[in-house]
Amino acid sequence: MEKTIEKAASAAQPEIKEEPKTHSGGQVVLEALLAEGVSTIFGYPGGAIMPIYDSLYDYNDKLKHILVRHEQGAIHAAQGFARVSGKTGIVFATSGPGATNLVTGLADAMIDSTPLVCITGQVFAHLLGTDAFQETDVVNITMPVTKWNYQVTDAEEIPAILAKAFYIASSGRPGPVLIDITKNAQLQKIAFKGYEKCDFIRSYRPKPVVRNEYIEQAAKLINAAERPFVVFGQGVLLGNAEQEFKEFIEKAGIPSAWTILGMSAIPTDHPLGVGMVGMHGNYGPNKLTNECDVLIAIGMRFDDRVTGRLDKYATQAKIIHLDIDPAEVDKNVKADVPVWGDCKETLPLLTALVEKKTHGAWHRKFTDCAKREQEKVIQDEVYPTDAVLTMGEVIRNLNELTNGNAIIVTDVGQHQMVACRYAQYVHSRSNVTSGGLGTMGFALPAAIGSAYGDPSRTTVAIIGDGGVQMTIQELGTIMQFKPNVKILILNNSFLGMVRQWQQLFHEKRYSFVDIQSPDFVQVAKGYGIPGNSVSERENLRDALKTMLDHDGSYLLEVMVGKENNVFPMVPQGKSVSEIVLGRDEM
């Protein structure tokens, strides 16, 4: 009886609910990052984002923050991290100039489909629109170069908005997202009820519905083709569809060429890989684009550097275009069969329907073109006989010493084209470069991010003497945080690619391309980074080996020929079949 009374009395007691913990907006931001699995942030503090940084003081054991030397360095580092790891890169910056310094990186990430979440501080909400100190309308400034952006003025919004930001940045065709948070929202205390990831937004469809009739039409065209040709881009990597892609081309026996961003989706020595398309791509895949009867484009967007003159691009071929972004289909090249969808889903459906073939005679055409390119261009570039060092022989020696296992990050210019032409890769996500925007200054900070994205592999930043000086201050980031980055400067004492165009198309009127540089080895030494400079062939290989074997970051400058040009080349305004192997053909 007593137990019954006690039980009844206990039941009558009101249930005590645990009150949600109180968090500042800054703390909520960091809790959201942890819930999304973030480990590394690249950023630079300032007044308007100071509350988030104040909260970060208590999260040092959970979140690694890399203090860069310029906000552009932060976003390029986050790009490198994302491209190598496959995760979303995270950036912190303050308001005004801090936020506007991200614009170049946002534009780069947007055109190259790199998932980023950038969090910028903003002035107090009551000061918006008053031209307050370091106030800039970052939302309107960055709207054209972000997949989505949003301004938070109330801390209650932060969990849902950040969940939405991560979902948008990483789903479908990835891209950069910017969230601008006013200072009052960062300071505001709210009852934090926890963080829920987002996996659905009513107005947003990241993946189009796969239509089986288009898969069937594509398979029918491929099975009937005598000269099929695949051009694949970064969509294969972004979709984590490397295996599915490999199975497709191996069953169908189709020669396959990569875009500059598609490189490393298959090993560069794969027997069906025929090289790179594009202005400075390989001779065969460019020339034979205009001889194939079916062109299968996979995860690429028919960039102008790939197509040359559109009115003369593969006009004889039936076009099959596989892409996750319907806006890219028919944008530049009209598709006979549009295959919308994630290529990780569409490729197995297509593979199941294609017939197993070899296309031996068609492959021999690529082999013949490769032989001509080897004799006319590659032999002299990679195995030169004169005294002047070439960029190509530097890359050849690097390949031999790394066995194709390194992550190679390139800047923009001649060295980029040479590296992308001759670098060898065994693993996917090994080639990191600025493709669509062509951002000089990209490589050094992107290499820092790449080293954090996959610390198990060697990261080599290949940079020209012009590009390295645009973000050279990031040597300070390397000095402080000690990522293992090998910096290889190919110095030709020119802004080489511009000089090449001035030589070929402007009667050798070299207008402001002769660039003077500091003693890079001494500059690196000032940052505590050892280095060396070589100009003689007999010293090259040992110098590269010393760089690669060094425990930690190292800078090696290689003095290469001043007026060496990159060939083959599709001259501007010409079709891909008008590709030339040297000046004598222009």
Review point. Which distance, rounded to the nearest 0.5 Å, do you find between the OG1 of T259 and the CE of M276?
Key: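 So the OG1 of T259 and the CE of M276 are separated by 9.0 Å.
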Review point. Quick one: CG on D465 to CD1 on I472, what's the gap to the nearest 0.5 Å?
Key: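 It is 10.5 Å, given to the nearest 0.5 Å.
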Practice item. Apply the side chain to side chain contact (heavy atoms under 4.5 Å, CB included) test between T477 and each candidate in L67, V485, T471, V68; give the one that qualifies. Key: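 Result: among L67, V485, T471, V68, V68 is the only option passing the side chain to side chain contact (heavy atoms under 4.5 Å, CB included) with T477.
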Under 3.5 Å donor-acceptor pairs involving side-chain atoms of residues 106-121, not counting sequence neighbours:
| residue | atom | partner | partner atom | Å |
| --- | --- | --- | --- | --- |
| D108 | OD1 | Q79 | NE2 | 2.9 |
| D108 | OD2 | S434 | OG | 2.5 |
| D108 | OD2 | T439 | OG1 | 2.7 |
| D112 | OD1 | G436 | N | 2.9 |
| D112 | OD2 | G435 | N | 2.8 |
| S113 | OG | R173 | NE | 2.9 |
| T120 | OG1 | D180 | OD1 | 2.7 |

With a 3.5 Å cut-off and no angle check, do the side chains of [X] and [Y] form a donor-acceptor pair?
{"X": "N101", "Y": "Q72", "value": "no"}
{"X": "H270", "Y": "E250", "value": "yes"}
{"X": "E373", "Y": "N282", "value": "yes"}
{"X": "E563", "Y": "Q503", "value": "no"}
{"X": "N431", "Y": "R83", "value": "no"}
{"X": "Q416", "Y": "T433", "value": "yes"}
{"X": "T268", "Y": "Q424", "value": "no"}
{"X": "E557", "Y": "S533", "value": "yes"}
{"X": "E247", "Y": "Q243", "value": "yes"}
{"X": "R457", "Y": "S430", "value": "yes"}

Exercise for review: Give me the ring orientation class for F92 and H65: parallel if the planes are under 30° apart, tilted from 30 to 60°, perpendicular past 60°.
Suggested key: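 Plane angle between 30° and 60°, so tilted.
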Check your understanding: According to the interplanar angle, ranging from 0 to 90°, do the rings of F229 and F366 count as parallel (below 30°), tilted (30 to 60°) or perpendicular (above 60°)?
Key ->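 Answer is tilted, since the angle falls between 30° and 60°.
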Check your understanding: Which ring-ring contact (aromatic ring centres under 6.0 Å, His included) pairs, counting each pair once, include a residue from residues 525-552, with sequence neighbours left out?
Key ->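 As it turns out, the ring-ring contact (aromatic ring centres under 6.0 Å, His included) pairs with a partner in residues 525-552, which skip direct neighbours, are H550-Y554.
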Review point. Can you pull the ring-ring contact (aromatic ring centres under 6.0 Å, His included) pairs that have at least one residue in residues 419-457, sequence neighbours excluded?
Key: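 Pairs touching residues 419-457 that pass the test: H76-F442.
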Does [X] reach the main-chain N or O of [Y] with its side chain, forming a donor-acceptor pair under 3.5 Å?
{"X": "Q473", "Y": "G73", "result": "no"}
{"X": "K147", "Y": "P176", "result": "no"}
{"X": "N532", "Y": "L556", "result": "no"}

**Study point:** With sequence neighbours excluded, residues passing side-chain hydrogen bond (donor to acceptor under 3.5 Å, both in side chains) with S517
**Key:**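 Partners of S517 by the side-chain hydrogen bond (donor to acceptor under 3.5 Å, both in side chains) criterion, ordered by chain and then number, come out as Q469.
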Review point. What residue pairs, at least two apart or across chains, pass salt bridge (charged side-chain N to carboxylate O under 4.0 Å, His left out) with a residue in residues 383-402?
Key: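 Every salt bridge (charged side-chain N to carboxylate O under 4.0 Å, His left out) pair that includes a residue of residues 383-402, provided the two are not neighbours, is E393-R537, R396-E400, E400-R541.
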**Study point:** Residue pairs passing the salt bridge (charged side-chain N to carboxylate O under 4.0 Å, His left out) test where at least one lies in residues 468-488, sequence neighbours excluded
**Key:**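 Not a single pair qualifies under salt bridge (charged side-chain N to carboxylate O under 4.0 Å, His left out).
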Review point. Does any non-hydrogen side-chain atom of F567 lie less than 4.5 Å from one of L581?
Key: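 They are not in side-chain contact.
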